[in-house]
Amino acid sequence: MKPFETKFSLLIILFYSIKIYSQVFVNQSGYKTELPKIFYTNISASNFDVVDSETGTTFYNGNLQLISSNDPGAGMPVRKGDFTSLNRFGNYFIRLNTNDTSYHFSINQNVYYDLFNKSLKSFYFQRCGAQLLYTHAGQYQRNICHTGDAFFHSSTGQSGFKFSRGGWHDAGDYGKYIVNAGISAATLLMAYEYFPSYFSNDNLNIPESGNGIPDILDEVKYEVQWFLTMQDTSGAVYFKLTKEQFEPFVMPSQDSGMRYIYEKSSAATANFISVLARFYRVYKNYDSTFANDCLNAALDAWEWLSNQISIVPPGGFHNPPGTYTGEYGDNNDFDERLWAAAELFESTGDQIFKEYYEFNYNISGLFNSTMNWQNVKSLAHITYLFSKQLNTDPIIKAQLAASLDSYCNSLLTKVNANGFGVTLNPGEYYWGSNSQVLNNAVLLILSHTKNNNLNYLKAALEQLNYVTGCNAHNLSFITGVGIKYPMHPHHRPSEADGIVEPIPGLIVGGPNQYLNDPVLQQHFNQNTPPALCYIDDVGSYASNEIAINWNAPLVLVSGYFNNISTTSVEEDNEFNPQGFYLEQNFPNPFNSSTRIKWYSPESGWQTIKLYDTLGRELETIAEGYFLKGNHSHLFQIDSFLPSGVYYYQLNCGSSFLSKKMIYLK
Ligand code: 9MR
Ligand code: ZN
């Protein structure tokens with residue numbers, strides 16, 4: 001090495017190590033107006049400025065709070081800064097009094113739009129048996145794959161071919177597994193079912209966009225159609241469709257060789273029931289024929305399942321000799337059956353399913369775990385707790401609500417014990433830990449809708465903050481979202497397509513203290529703080545792979561925060577210390593003769609201004625000295641303004657409140 005090169009690489013190393021060890025961790029997606037705004041740092045500074053990145057003007061300064069001098073998760077000191085009350089739309093960075101700075105981020109109403117869209121669109125990029133066209137996939141266009149799906153594996157005792165094209169590739173590999181697809185599809189359906197107005201977009205630019213059906217349902221239908229092919233005439237459902245070995249890192253269309261359907265399983269059958277019963281409910285208003293086919297398939301599956309006294313195959317599915325693809329091993333199908341019964345009850349109101357759930361619901365406790373592919377008990381309980389059936393048992397519902405509340409309280413305890421506000425204790429950084437964090441956020445959000453406890457909402461937001469950059473890696477764990485994100489996910493198309501940028505919107509598994517792959521073992525050991533056991537290396541399948549069941553809760557949580565109406569938030573003093581009230585206009589859309597109403601807690605000079613979705617000020621709607629009390633103003637706007645989404649913001653002194661409006665000429 002020449003002396004010059006040595007010096008140069010030393011410099012790089014020095015720079016790199018400074019970057020690693022002293023940092024300011026922000027949500028790289030940005031901070032939504034009116035919601036809490038928290039960041040973290042491991043630098044021992046005492047205060048911080050929030051600086052407008054265009055003008056250099058400081059708009060906020062505050063003190064840092066020492067959370068932990070040695071955080072047990074991340075093994076570093078953690079300080080926290082809070083700039084919640086800064087509601088001015090703009091682009092900023094944090095500057096500590098030590099002069100250390102953060103990545104740039106924005107404050108506006110739309111910061112989660114990109115994250116939400118990309119995370120949902122990523123399911124389209126996982127489609128199997130379809131060509132992805134340039135119009136929908138852009139540079140990630142690719143040829144059709146796996147048209148030969150699939151042949152029965154000899155372990156099924158059957159032979160020959162069963163048409164089973166379609167569905168999503170499970171993860172970084174090209175396999176398709178009913179069990180894992182079950183929680184994934186169900187979580188997307190849950191998002192739509194509980195928050196329909198948040199998840200009704202039909203403009204995601206997938207092939208079905210613009211067909212009048214929400215894209216999230218179109219995307220799930222793509223999976224559901226594959227589910228239907230995995231059912232046997234007996235009603236039972238086959239466990240998975242994969243090769244015997246994981247594929248080489250080639251594009252899906254280049255992946256040749258036999259793919260097999262593996263044996264029937266009770267866990268797969270129960271997952272199938274839950275998804276199809278749920279799909280029926282949300283889809284019947286769009287296409288009742290297809291929806292009924294789904295319900296009937298679910299009922300046939302139940303018919304088979306209810307005749308199996310114990311788990312099928314005995315001990316749960318295991319790979320037969322010679323097969324090394326994913327196993328999704330689970331020797332207990334109690335929770336899957338309970339969930340299937342709850343979904344069928346919700347879809348049919350039938351006494352049989354009601355009794356099954358009510359007889360069994362408390363056998364292994366109520367809410368005492370967060371859902372994951374292996375344990376879906378909480379999904380069963382959620383369905384009953386949120387049931388719209390009239391004949392539910394009010395006592396059971398009350399028990400479930402109380403149990404969910406106390407479970408969410410235990411999540412708050414974890415938040416408080418963790419330097420970064422994450423719902424993981426040391427020991428809980430398992431394979432796919434990021435999805436556990438997000439599923440915890442799902443429970444917090446659902447519980448908040450029941451009891452309006454704002455601490456749950458704040459905690460849910462902290463979980464989203466964590467995966468978008470408020471973590472010890474100073475990394476957004478989602479490809480293509482934020483500034484620094486994984487560039488080498490264990491995802492075959494992202495690696496094989498020859499494009500530097502990975503396919504966007506995919507969340508990686510995240511820190512895994514159990515070091516379940518050779519790359520993790522090479523870089524870390526059991527003394528590594530659990531939250532640090534992550535590496536952006538394509539070989540680290542146990543920390544840097546992507547998977548549909550990890551992306552699904554990201555869709556729910558980011559879509560929720562993208563759309564959340566802050567009305568409930570404003571009514572709370574914690575979020576609105578000044579007591580302002582700006583009435584959300586119903587019906588939204590707006591037209592140029594909509595009356596805007598607000599309440600001023602004090603007299604003073606007040607303005608209402610109009611902004612576009614990028615936070616650019618367009619014009620002043622109203623301005624003047626207003627007395628304490630109720631006011632209203634007729635929205636009068638210049639005729640140049642095109643129809644679209646805007647924000648209007650009420651401003652008095654240092655207080656701001658904003659609302660989204662859909663303006664229709
Ligand atoms: O997500 C699964 C994780 O919980 C398990 O610990 C791990 C090992 O069994 O398997 C993970 O699932 C993988 C599946 O088996 C095959 N496709 C990729 C999945 C994500 O890594
Ligand atoms: Zn495929």
Side-chain angles (χ1 to χ4, degrees), residues 123-132 137 142-150 164-184 222-223 226 229 239-247 249-260 262 267-268 316-319 323-331 369-376 428-439 489-493 496 506-517 519-520 533-534 538-553:
F123 285 86
Y124 165 75
F125 287 116
Q126 291 294 99
R127 286 191 189 187
C128 183
Q131 185 185 5
L132 307 192
R142 58 173 168 83
N143 289 330
I144 193 166
C145 58
H146 305 122
T147 50
D149 282 354
S164 191
R165 271 192 210 172
W168 303 313
H169 298 140
D170 182 60
D173 64 320
Y174 295 140
K176 302 190 286 198
Y177 308 77
I178 291 283
V179 161
N180 197 48
I183 185 171
S184 311
Y222 192 82
E223 182 73 353
W226 170 68
T229 71
F239 187 80
K240 69 170 180 176
L241 192 167
T242 70
K243 287 173 101 167
E244 291 185 313
Q245 319 241 350
F246 283 123
E247 306 82 5
F249 271 68
V250 297
M251 289 302 282
S253 57
Q254 301 296 309
D255 175 35
S256 53
M258 294 282 274
R259 283 158 63 91
Y260 298 102
Y262 288 80
F317 178 85
H318 284 107
N319 277 329
T323 294
Y324 302 97
T325 44
E327 196 163 73
Y328 287 114
D330 182 358
N331 59 17
S369 59
T370 298
M371 57 281 194
N372 58 47
W373 63 261
Q374 196 176 45
N375 182 352
V376 292
E428 295 179 329
Y429 291 78
Y430 290 102
W431 193 325
S433 62
N434 282 344
S435 70
Q436 206 62 21
V437 168
L438 290 167
N439 277 324
H490 183 93
H491 182 233
R492 282 165 179 71
L506 298 163
I507 185 164
V508 297
N512 174 354
Q513 71 184 105
Y514 299 98
L515 309 180
N516 305 97
D517 68 52
V519 177
L520 287 175
C533 299
Y534 164 79
V538 69
S540 180
Y541 51 83
S543 82
N544 208 35
E545 187 166 0
I546 67 94
I548 53 174
N549 64 315
W550 304 340
N551 251 82

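What's counted below: heavy atoms across the whole structure, side chains too, no hydrogens, waters or symmetry copies. Atoms within each ligand, like the ligands themselves, are counted from 1 in listed order.
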**Item:** Donor-acceptor contact below 3.5 Å, side chain Tyr177 vs main chain Ala268
**Value:**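 Between the backbone of Ala268 and the side chain of Tyr177 there is no qualifying donor-acceptor contact (under 3.5 Å).
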
Next on the checklist: Could you identify the N, O or S atom of His169 positioned closest to the Zn ion (ligand 2)?
Outcome noted: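 His169's closest N, O or S atom to the Zn ion (ligand 2) is named NE2.
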
Examine [X] against ligand 1 and note whether any of their N/O atoms are separated by less than 3.5 Å.
| X | result |
| --- | --- |
| Tyr177 | no |
| Glu545 | yes |
| Trp373 | yes |

Distance under 4.0 Å to a non-hydrogen atom of [X]: what atoms of ligand 1 satisfy this?
| X | answer |
| --- | --- |
| Gly326 | 15 (O), 16 (C) |
| Asp170 | 16 (C), 17 (N), 18 (C), 19 (C) |
| Ala171 | 17 (N), 18 (C) |

Does the side chain of Asp149 come under 3.5 Å of the side chain of Ser164 through a donor N or O and an acceptor N or O? no

Notebook entry, point to check: Side chains of Tyr534 and Asn434: donor-acceptor distance under 3.5 Å anywhere?
Noted result: no

Using ring-ring contact (aromatic ring centres under 6.0 Å, His included) as the criterion, point out the one residue from Tyr429, Tyr430, Trp431 that pairs with Tyr514.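 The ring-ring contact (aromatic ring centres under 6.0 Å, His included) with Tyr514 is passed solely by Tyr430 among Tyr429, Tyr430, Trp431.
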
### Query
Just going by heavy-atom distances, which of Phe246, Tyr174, Tyr328 is nearest to atom 13 (C) of ligand 1?
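Nearest heavy atom to atom 13 (C) of ligand 1 lies in Tyr328.
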
#### Entry: Test side-chain hydrogen bond (donor to acceptor under 3.5 Å, both in side chains) applied to Lys243 and Asp255, Thr325, Thr323, the passing residue
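When side-chain hydrogen bond (donor to acceptor under 3.5 Å, both in side chains) is applied between Lys243 and each of Asp255, Thr325, Thr323, only Asp255 qualifies.
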
ask   = Can a non-hydrogen atom of Tyr430 be found less than 4.0 Å from any atom of ligand 1?
value =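 For ligand 1, residue contact (heavy atoms, under 4.0 Å) with Tyr430 is absent.
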
For this session: Answer yes or no: is there a side-chain heavy-atom contact under 4.5 Å between Tyr174 and Arg259?
Result: yes

Practice item. Carefully, step by step, assess Phe249 and His490 under the rule ring-ring contact (aromatic ring centres under 6.0 Å, His included). Key: CA-CA 9 Å; Phe249 271 68; His490 183 93; 5.1 Å; yes

Distance check, rounded to the nearest 0.5 Å: Ile548 atom CD1 versus Ile507 atom CD1?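 Rounded to the nearest 0.5 Å, the CD1-CD1 separation comes out at 14.5 Å.
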
Quiz prompt | Nearest protein heavy atom with distance in Å, relative to atom 8 (C) of ligand 1 | solution =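 Going by distance alone, atom 8 (C) of ligand 1 is nearest to Trp431 CZ3, 3.5 Å.
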
Given that the side chain starts at C-beta and the backbone is N, CA, C, O, which of these parts of Tyr514 lies under 4.0 Å from ligand 1, counting heavy atoms, or is it both or neither?
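For Tyr514, there is no contact with ligand 1 at all, from either part.
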
Vertex the Zn ion (ligand 2), ends His146/ND1 and Cys145/SG: angle to nearest 10° comes to 110°

